[in-house]
Amino acid sequence: MRAIKQGQWAVLLWPYLLITSIPLDCRDEQGGLSRCPSISQEKLLDRVIQHAELIYRVSEESCSLFEEMFIPFPLQLQRNQAGYPCITKALPIPSSKSEIQQISDKWLLHSVLMLVQSWIEPLVYLQTTMNRYDGVPDMLLNKTKWVSEKLMSLEQGVVVLIKKMLDEGMMTTTYNEQGLFQDDGQPEMLEYVMRDYTLLSCFKKDAHKMEILLKLLKCRQNDIHSCA
């Protein structure tokens, strides 16, 4: 009963998210990042945070919907033993509370950018693999596509924010994604499902981390001594 109510809640909330989210498209017609620089630093940070919040919320809904549709409960318990570590595990991103408190504003922003850029390709890959499923609901496909598009908008916003706050240019990650996209021949459908479930679960965790880091940055802009 609880799972059904969660699914119904997601159906009702989805159109509301599309209507209320503030656009963060920084690119102009020529592909340059000329729009967001006209926004004040404070407002741009607010928009970036709102984007991160929505991305995390929708990723949470997508993961729950995927579980309801494709993952029996015993397999949910085994997902961490399936041999698919999170793809961002090797990134030098602070994880503990004490580490996060000690890093500079510069490293906070670059940590968010590393996470965002590391997930752009995997989410495109995820959309492709889910098309193999029989009976995959349009809502799950739409949510995955929406998150993928909003993640690219978030990247644009963070890049401009770095330019505004740190007077630095574009930074790109050199993370090796070979372990995720290597050719495994023709894996069984269950293997596809568990791999995609791991991707969704790991992205949900990283999306939450993006939100936490950005909110910490916002707090520091107001009063660095009271931020936890």
Side-chain angles (χ1 to χ4, degrees), residues 10 12-62 88 91 93-94 97 99-121 123-124 142-173 203-228:
L12 293 174
L13 180 61
W14 177 242
Y16 174 77
L17 289 176
L18 294 179
I19 294 171
T20 58
S21 59
I22 298 176
L24 188 62
D25 186 4
C26 297
R27 296 197 182 277
D28 55 27
E29 289 76 7
Q30 286 73 41
L33 299 177
S34 65
R35 291 179 177 170
C36 286
S38 62
I39 306 172
S40 70
Q41 177 179 305
E42 182 180 3
K43 288 184 177 179
L44 179 58
L45 180 55
D46 287 340
R47 290 191 183 186
V48 166
I49 290 173
Q50 188 199 42
H51 251 60
E53 289 173 339
L54 290 173
I55 287 171
Y56 171 59
R57 192 184 309 172
V58 177
S59 69
E60 200 171 28
E61 295 168 7
S62 298
T88 55
L91 290 179
I93 306 293
K97 185 176 180 179
E99 288 176 332
I100 291 174
Q101 287 176 334
Q102 293 174 13
I103 63 176
S104 64
D105 291 354
K106 174 181 178 178
W107 193 243
L108 274 178
L109 279 170
H110 282 311
S111 295
V112 172
L113 187 59
M114 277 193 289
L115 287 172
V116 170
Q117 291 178 336
S118 295
W119 276 106
I120 289 176
E121 287 296 327
L123 288 183
V124 173
N142 291 339
K143 283 177 181 289
T144 306
K145 181 180 179 181
W146 184 90
V147 168
S148 180
E149 292 172 350
K150 293 302 178 185
L151 196 65
M152 288 186 279
S153 296
L154 182 61
E155 179 195 24
Q156 297 167 18
V158 173
V159 167
V160 176
L161 199 56
I162 288 174
K163 181 66 176 176
K164 280 180 173 290
M165 296 182 67
L166 308 176
D167 195 27
E168 295 183 3
M170 179 69 171
M171 168 188 163
T172 56
T173 57
F203 176 71
K204 179 181 73 171
K205 182 178 69 175
D206 282 347
H208 193 213
K209 185 176 292 185
M210 295 175 208
E211 178 187 348
I212 289 172
L213 294 176
L214 288 167
K215 286 183 175 179
L216 175 59
L217 179 63
K218 173 70 174 179
C219 179
R220 286 181 177 183
Q221 300 304 300
N222 295 328
D223 183 1
I224 191 171
H225 300 294
S226 64
C227 300

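Side chains included, hydrogens not; waters and symmetry mates left out as well; all remaining heavy atoms used.
In this structure, Leu91 and Met114 approach most closely via the heavy-atom pair CD1-O, 4.1 Å. For the pair Asp105 and Gln221, the tightest heavy-atom approach, listed with the atom from each and the gap, is OD2-NE2, 3.5 Å. What you find for Ile93 and Ser111 is that their closest heavy atoms are CD1-O, 3.6 Å. Across every non-hydrogen atom of Arg220 and Ile103, the tightest pair is NH1-O, 2.8 Å. Considering every non-hydrogen atom in both Ala52 and Leu214, the closest pair reads CB-CD1, 3.7 Å.
Within the model, atoms CH2 of Trp119 and CG of Asp206 stand 6.0 Å from one another, a figure rounded to the nearest 0.5 Å. Once rounded to the nearest 0.5 Å, the distance linking CD1 of Ile120 with CD of Glu149 reads 12.0 Å. Annotation: the span from Leu44 atom CG to Ile49 atom CD1 amounts to 10.0 Å, rounded to 0.5 Å. Atoms CG and CG, from Leu213 and Leu113 in turn, are 12.0 Å apart once rounded to the nearest 0.5 Å. Atom CG of Leu108 sits about 11.0 Å away from atom CD of Gln101, to the nearest 0.5 Å. Annotation: the span from Gln156 atom CD to His51 atom NE2 amounts to 9.0 Å, rounded to 0.5 Å.
Counting heavy atoms from C-beta outward, Gln102 and Trp107 have side chains that stay 4.5 Å or more apart. Between Met165 and Leu217, some side-chain heavy-atom pair lies under the 4.5 Å cut-off. At least one side-chain heavy atom of Phe203 sits less than 4.5 Å from a side-chain heavy atom of Ile55. At least one side-chain heavy atom of Leu54 sits under 4.5 Å from a side-chain heavy atom of Arg57. Side-chain contact between Lys205 and Thr88: absent, with no pair of heavy atoms (C-beta onward) separated by less than 4.5 Å. When side chains are defined from C-beta on, Leu216 counts as touching Ile100, because their heavy atoms get closer than 4.5 Å.
The aromatic rings of His208 and Tyr56 sit parallel, their planes meeting at an angle under 30°, below the 60° perpendicular limit.
A donor-acceptor pair under 3.5 Å is absent between the side-chain atoms of Ser148 and the main chain of Thr144, judged by distance alone. A donor-acceptor distance shorter than 3.5 angstrom exists from the side chain of Ser40 to the backbone of Lys43, with no hydrogens or angles considered.
None of Lys218, Arg47, Lys150, Lys215 except one satisfies the salt bridge (charged side-chain N to carboxylate O under 4.0 Å, His left out) rule with Glu53; the exception is Lys215.
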